[in-house]
Amino acid sequence: MTEIEPEFLKQLQEAFVIEAREQLQSIMTNILNLENCNDEKSKHELAEAILHELHSLKGNARAAGILSAEALCQSLESAILSLRRKKELLNAEAADVFHKAIDLLDEVISKVEAGEADFQPASISAVLQGLKELDERQRLAAETPKQESKEAIVRKNLQQPTVEIPVAQVEQAIAQAAKPQAQQAPLVQDKGASTRIALLKLDKLLRESEEMLVLKQITEQHLDDGKEMRFQVKQLKSMISKLAGSLQSKDSNQESDELLQTLSDLQSGCMKLEQSLNSSLRRQQTEQRLCFNMVDGFIDSVKSLMMQDFSSLLSLVPKVVRDLARELKKELDLEIFGAEIEIDKRILEEIKDPLIHLVRNCLDHGIESSAERTAAGKPARASLKIGAKLDEGGHIQLIIADDGRGINAEKLKAVALKEGAISSEEAAHMSDSEAYDLMYRSSISTSETVNEISGRGIGMAIVRERIHELGGRILLKTELHKGSTFTLQLPTKLSTFRGIQVLCAGQSFIIPTLNVHYAGRVLRTEIKQSGNRNVVSINGQLTSVQNLADILKIKNQKVLKAKSARNYQQLVVLESGGHRAGFLVDEILHEHEVLVRGLSYPLVRVANIAGATMLGSGQVVAVLNISDLLLSSQNAPGADDKLRRELDAEAARNRKLSEQSIFLVDRQATSLVMLKSVLKSEGYLVQTFDSNESALEGLDENEPLILIKSCELPETQESGLAYWIRNDLRYKDMPIIFFGSHSKEEGEIISRKQGGNAYFSKMNFDRSQILELIENLT
Amino acid sequence: MAKIRETEELTQEQKKAILDARAALLADQSKSQKKENQLDILEFVISGERFALEARFVREASKAMILTPLPCTPDFVLGLINFRGQIIPLLDLRNLLELKKKDESREQQIVVVQTTAAKAGIAVDEISGIAGIPEADLKSAKDLVSKELFPLLKGMSTERLALLDLEKILSDPRLIVDMSPEGARVLD
C-alpha cells in the first residue's frame with residue numbers, strides 16, 4: 001500500500017465503518033434467509049447478493065487498511081463460492097462458521113470505530129481456519145451432494161429487505177412536499193430520491209430546531225406580561241375610584257375639588273392606557289398564533305427527518321434468537337411484523353438493549369424445552385412473535401409475545417421473600433400484578449439459577465427505567481402455561497413534552513404533565529392524619545401527602561405558606577407505574593412545552609431529577625423524575641411528622657388570624673385605602689384609624705394581630721402610640737410596623753428608635769414585601 | 001488620575017514614541033515566550049489560595065450567572081447555569097482541593113472550562129487574569145501538598161502558584177454524582 005496521509009486515512013476509516021455496518025447487516029440477514037430458503041432460484045439470488053456485498057466490503061477494507069477484515073471477507077467469499085459450486089448452499093454447520101466470522105467482522109469494525117485500525121482479534125486464526133476447512137470439505141465432497149439441511153430454526157418473515165441506509169427526508173424539511181422513504185437495499189423498487197446526511201449534522205439541525213421552542217415561550221411570556229400590566233391598570237383604576245369616593249363623602253372645599261379633578265384625569269388616562277393595552281394584546285395574540293404555527297410546523301418537519309422504520313432494529317432479532325436457541329437447545333418459530341412502522345431514530349437506538357434483554361429473557365425463562373412442551377400437551381416448537389404496531393392512542397407498541405410457560409407470581413414472591421425484599425405478610429397480601437412488579441427490583445432474578453444468558457442482560461430494572469425515560473411504559477400480560485406478552489408502549493417522537501412549572505421552597509421545578517393526576521388547591525383542614533401518614537381525599541380516593549421540599553431535601557426552606565388564600569394549600573398528585581402520591585408546593589405556575597436535556601457529566605444520575613430545561617427567559621429549571629419521587633416519598637423518614645407539625649402550627653395561626661385584625665393607622669386616606677385593599681385581598685381583617693388617639697381607643701376594645709402605622713403621626717420617646725403599646729403589659733410584645741416616605745435605611749432607624757419591629761417605604765411600594773413582613777412577624 | 005493628566009500633556013510625537021517602544025517590547029516578549037515554552041494560564045483565587053488553569057481549557061471567565069440550585073446533590077454541586085444556551089453544572093472544588101468552606105457572603109465568580117470529560121463551571125472567589133509562565137518554572141509540588149492533592153496538580157511555580165491538572169480533576173471519581181432515589185452514593 002502506498003503512503004497515505006494519516007488524516008485522509010482516518011476519514012477513509014470513518015467512512016468504512018458507516019458503510020461496513022450496513023453491508024454486514026445485509027450479509028447477515030441474507031445468510032439467515034439462505035438458511036431458511038427452499039427455493040433454488042431465490043437461494044441463488046441470495047448467494048449472489050451476499051457475494052456482492054462481501055466483495056465490496058473486502059475492497060473497502062483493503063482501501064482503509066483494515067487487514068483483518070479483508071482476510072475475513074476473503075475467506076468467507078471463497079467458502080461461499082465453493083458452497084455455491086456444490087449447489088448445496090448452506091447447512092447449519094456452515095452457518096455457524098459464517099455467523100462466527102460475521103461476529104468477528106463486527107468486532108473488527110467496532111475497533112476501527114474506536115480508532116484501532118490494526119486490531120487483530122485473538123480468535124481470527126481459528127475462524128479463518130474454520131472457514132478454510134469448510135471450504136476444503138465442500139470441495140472434496142463436491143461430488144457427493146448431501147441431503148438438504150433441515151435444521152432451520154428461525155423462519156424469517158421479515159419481508160422488508162434489511163439494509164438500512166440512513167436517509168434524510170431533506171425535501172420535506174424544505175418544502176414539506178413529497179415524502180421520500182428510507183432507501184432500502186437490493187430487491188426493492190425506488191421509493192423516491194434520497195440522500196445521505198451525517199447523523200451528527202441531523203442531530204444538530206434537530207437540536208437547533210428544538211431551540212426554537214424558546215421563541216414560543218418568549219411570546220407566551222410577553223403575552224403574560226401584557227396581561228399582568230392590564231391587571232395592574234385595572235387595580236389602579238379601582239383604587240382611584242375608591243379614593244374619589246372617599247373624597248366625595250367628605251366636605252367639599254377648594255383643595256378637595258382640585259384633587260377630585262386630578263383623580264378624574266387620572267381615571268381617564270387609565271382608561272386610555274387600558275384600551276391601547278387591549279388592542280396590543282389582541283395583536284400579540286395573533287402574532288403568537290402565527291409564531292406557534294411556524295415553529296411547530298418547522299420542528300415537525302425536522303423531526304420527520306429523524307424518523308426511521310423498525311426494520312433496522314427488528315433485523316437484529318433473528319440472529320440473536322437463532323444463536324440463543326442453538327445455545328439453549330430450544331426450538332421455536334419466530335415471526336416478525338411491523339418492520340415498516342416509523343419511529344424516531346433516537347428512540348430506536350434507546351430500545352435496542354431493552355429489546356435484546358427481553359428477547360433473551362423470553363428464550364431463557366419463558367420458552368420451555370421441546371420435551372417439556374410436549375409433556376404439557378403443547379406443540380413441540382414454541383412460537384415467538386416480535387414486532388411493532390401502532391395503537392389507537394398514536395403510540396407505538398413494541399410487542400414480544402411467546403407461548404411459553406408464563407410468569408409464576410408465586411415463584412417471584414418466594415424469591416423476593418428469600419432475598420428479604422418483602423416480608424411474608426406482604427407476600428401473603430400481594431396480588432399477582434404486584435408480584436410481577438417484583439421482577440423490576442434489581443435484587444430479584446426471575447430465574448432460580450443465575451446462568452450466563454441472564455447475566456449478560458442489562459436487567460429488568462434498567463429496561464423499565466430506559467422505557468420510562470423515553471416517556472413510555474411496559475405492559476405485561478401473562479398466563480401460566482400459556483405464555484407472556486411484553487408490550488413496550490412508546491411515543492413516536494422524542495423530546496418535547498408538556499410540563500407544569502411549580503414553585504417549591506422558592507425554587508422552580510418542572511413536572512411532566514403526563515404524570516400529573518391532579519393539580520390544584522386543597523383545604524388545609526382536609527389533610528388528615530392516617531396512621532403515621534398524612535392523607536387527603538382527591539376525587540374520592542385517599543392519597544398520601546408530603547411536602548415536596550422535604551422529599552427533595554431542600555434546606556433553608558420556609559414554612560408552609562399559601563399565597564392567595566390562607567386556608568388552602570397547593571397540591572399536585574403525581575402518578576407513575578401504578579403508584580400515586582400527593583406533594584405540597586408553594587405555587588402551581590404555568591404549563592410549558594419544554595425540551596428536556598439530560599444533566600451533563602459529572603452528574604451521571606441525580607436522584608429525583610430527570611434533567612433540566614430552559615424557559616423563555618433563559619432561566620434553567622430542573623425537571624423532576626416522577627418514578628424516583630414516588631419511590632423517595634415512600635422512604636422519607638420524618639417527613640410526615642414534620643408536615644403534620646407544620647400543618648398544626650399553620651392551623652393555630654389561621655385561627656388567630658380569623659379572630660384578630662390588623663390595625664392600620666395613618667392620617668392620609670390614600671395610604672389607608674391602598675393598604676387596606678392589599679391586606680383584605682390576602683384575607684386579613686383590617687381596622688383603620690386616622691389618628692393615634694382613635695387607635696388607642698380601638699386597642700381598648702380588642703387586641704390586634706399587628707399594628708401598622710405611619711411615621712408621620714407624632715411619636716416621641718415619652719408619648720405616642722408605640723410608646724404607649726410598649727409600656728402596656730398586655731401589648732408590649734405586639735409587633736409594630738412603621739411606614740413612611742423615608743428611604744428604607746432611614747426609616748428603619750426611625751422605626752427602631754420608636755419601638756417598631758420593621759419599616760417599609762411607601763415610595764416604592766412592594767406588595768409582596770409588606771405581606772412577607774407581616775407573615776414573618778405574626 | 002495623576003498619570004492620565006501627565007499623558008494629556010504629552011505631544012503627539014511623544015505619545016507615538018512611547019507607544020512604539022511598548023509595541024516593540026511586547027513583540028519582543030512574544031518572541032521570547034515561544035522560545036521558552038510559555039504556558040498560557042488563567043490565574044484565580046479560591047479561599048485565599050492562588051491557583052491557575054491552562055488557558056486552553058477556559059471557555060469563559062465571568063462574574064455572576066444566574067444559578068439554579070439542584071436538590072439531591074452533594075454540596076460540591078452548586079447548581080446549574082445557562083452557558084450560552086447550554087445547561088452545565090457549577091462545581092465547587094474547595095473540598096477536593098482541601099480548602100476552607102466557602103464564605104457565603106462573598107460573591108462568586110465563574111470560570112467555564114471544557115475538557116474531554118466535561119464542560120462545567122468552577123466557582124472561584126476572584127479571577128486574577130491571564131498570564132504566561134515558563135514551563136521550566138513549574139516544580140513538583142510533592143513535598144508541599146498532601147498525597148491526595150498531589151496528583152491533581154501539574155506543578156507549583158516559584159511564587160507558590162498551584163497549576164491545576166484540570167483533566168484529572170474533572171475526571172476524579174469523587175466528583176461523579178451517581179445516585180439512585182434511595183440516596184446511596186454509588187461511587188465514593
Side-chain angles (χ1 to χ4, degrees), chain A residues 207-208 210-212 214 441-442 461-462 465 504-510 548-557 595-615 617-637, chain B residues 59 64-93 95-96 104 110 112-122 152 166-188:
Chain A
R207 225 178 23 247
E208 283 169 357
E210 282 174 336
E211 303 283 346
M212 287 180 68
V214 173
R441 298 208 192 168
S442 46
I462 294 174
E465 197 172 305
C504 161
Q507 292 180 34
S508 274
F509 293 97
I510 295 277
L548 183 60
D550 290 337
I551 302 305
L552 293 177
K553 300 195 178 72
I554 300 179
K555 289 170 219 152
N556 311 327
Q557 52 164 301
L595 171 62
V596 186
R597 297 182 236 199
L599 300 173
S600 61
Y601 186 89
L603 307 179
V604 177
R605 191 192 189 300
V606 175
N608 303 319
I609 305 292
T613 187
M614 226 179 277
L615 298 184
S617 55
Q619 185 194 357
V620 176
V621 182
V623 178
L624 297 178
N625 177 337
I626 306 307
S627 47
D628 270 18
L629 215 52
L630 292 173
L631 256 175
S632 304
S633 77
Q634 288 169 9
N635 186 23
Chain B
R59 291 290 159 271
M65 287 190 199
I66 297 169
L67 178 69
T68 302
L70 201 57
C72 309
T73 49
D75 288 344
F76 67 80
V77 179
L78 298 177
L80 301 173
I81 51 176
N82 173 355
F83 173 67
R84 297 180 196 160
Q86 263 187 300
I87 300 173
I88 59 169
L90 179 65
L91 306 175
D92 179 0
L93 299 181
N95 212 3
L96 202 67
E104 293 291 343
I110 295 171
V112 176
V113 294
Q114 181 162 30
T115 67
T116 43
K119 186 171 196 172
I122 292 172
L152 302 180
L166 194 67
E167 296 266 16
K168 282 227 188 85
I169 287 175
L170 284 188
S171 47
D172 193 294
R174 284 173 290 176
L175 282 188
I176 296 174
V177 180
D178 190 353
M179 294 194 293
S180 43
E182 282 79 14
R185 183 119 175 251
V186 176
L187 276 159
D188 209 325

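Numbers restart at 1 for each chain; the letters A, B, ... are given by sequence-line order, proteins then strands.
Residue contact with chain A, scored on non-hydrogen atoms closer than 4.5 Å, involves the backbone of B:Leu170 exclusively. Neither the backbone nor the side chain of B:Ile66 comes within contact range of chain A, judged by heavy atoms closer than 4.5 Å. Proximity to chain B (any heavy atom under 4.5 Å) is restricted, for A:Ile609, to the side chain, taken from C-beta onward.
Your options are B:Ser171, B:Ala120, B:Pro71, B:Gly79, and the one with the most heavy-atom pairs under 4.5 Å with chain A is B:Pro71.
With values rounded to the nearest 0.5 angstrom, B:Leu175 atom CG is found 7.5 Å from A:Tyr601 atom OH. Note that the CG atom of B:Leu80 and the OG1 atom of A:Thr613 stand 11.5 Å from one another [nearest 0.5 Å].
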Yes or no on side-chain contact (heavy atoms from CB on, under 4.5 Å) for A:Val606 and B:Val77, after CA distance, side-chain angles and deciding distance?
CA-CA 11 Å; A:Val606 175; B:Val77 179; over 6 Å; no
Any chance you could lay out the side-chain contact (heavy atoms from CB on, under 4.5 Å) test for B:Val177 and A:Leu599, step after step, and finish with the verdict?
CA-CA 10 Å; B:Val177 180; A:Leu599 300 173; over 6 Å; no
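Of all heavy-atom pairs between B:Cys72 and A:Ala607, the closest is CB-O, 3.4 Å. Between B:Leu70 and A:Ala622 the shortest heavy-atom distance is CD1-CB, 3.8 Å. Across all non-hydrogen atoms, the minimal contact from B:Ile88 to A:Ser600 is CA-OG, 4.3 Å.
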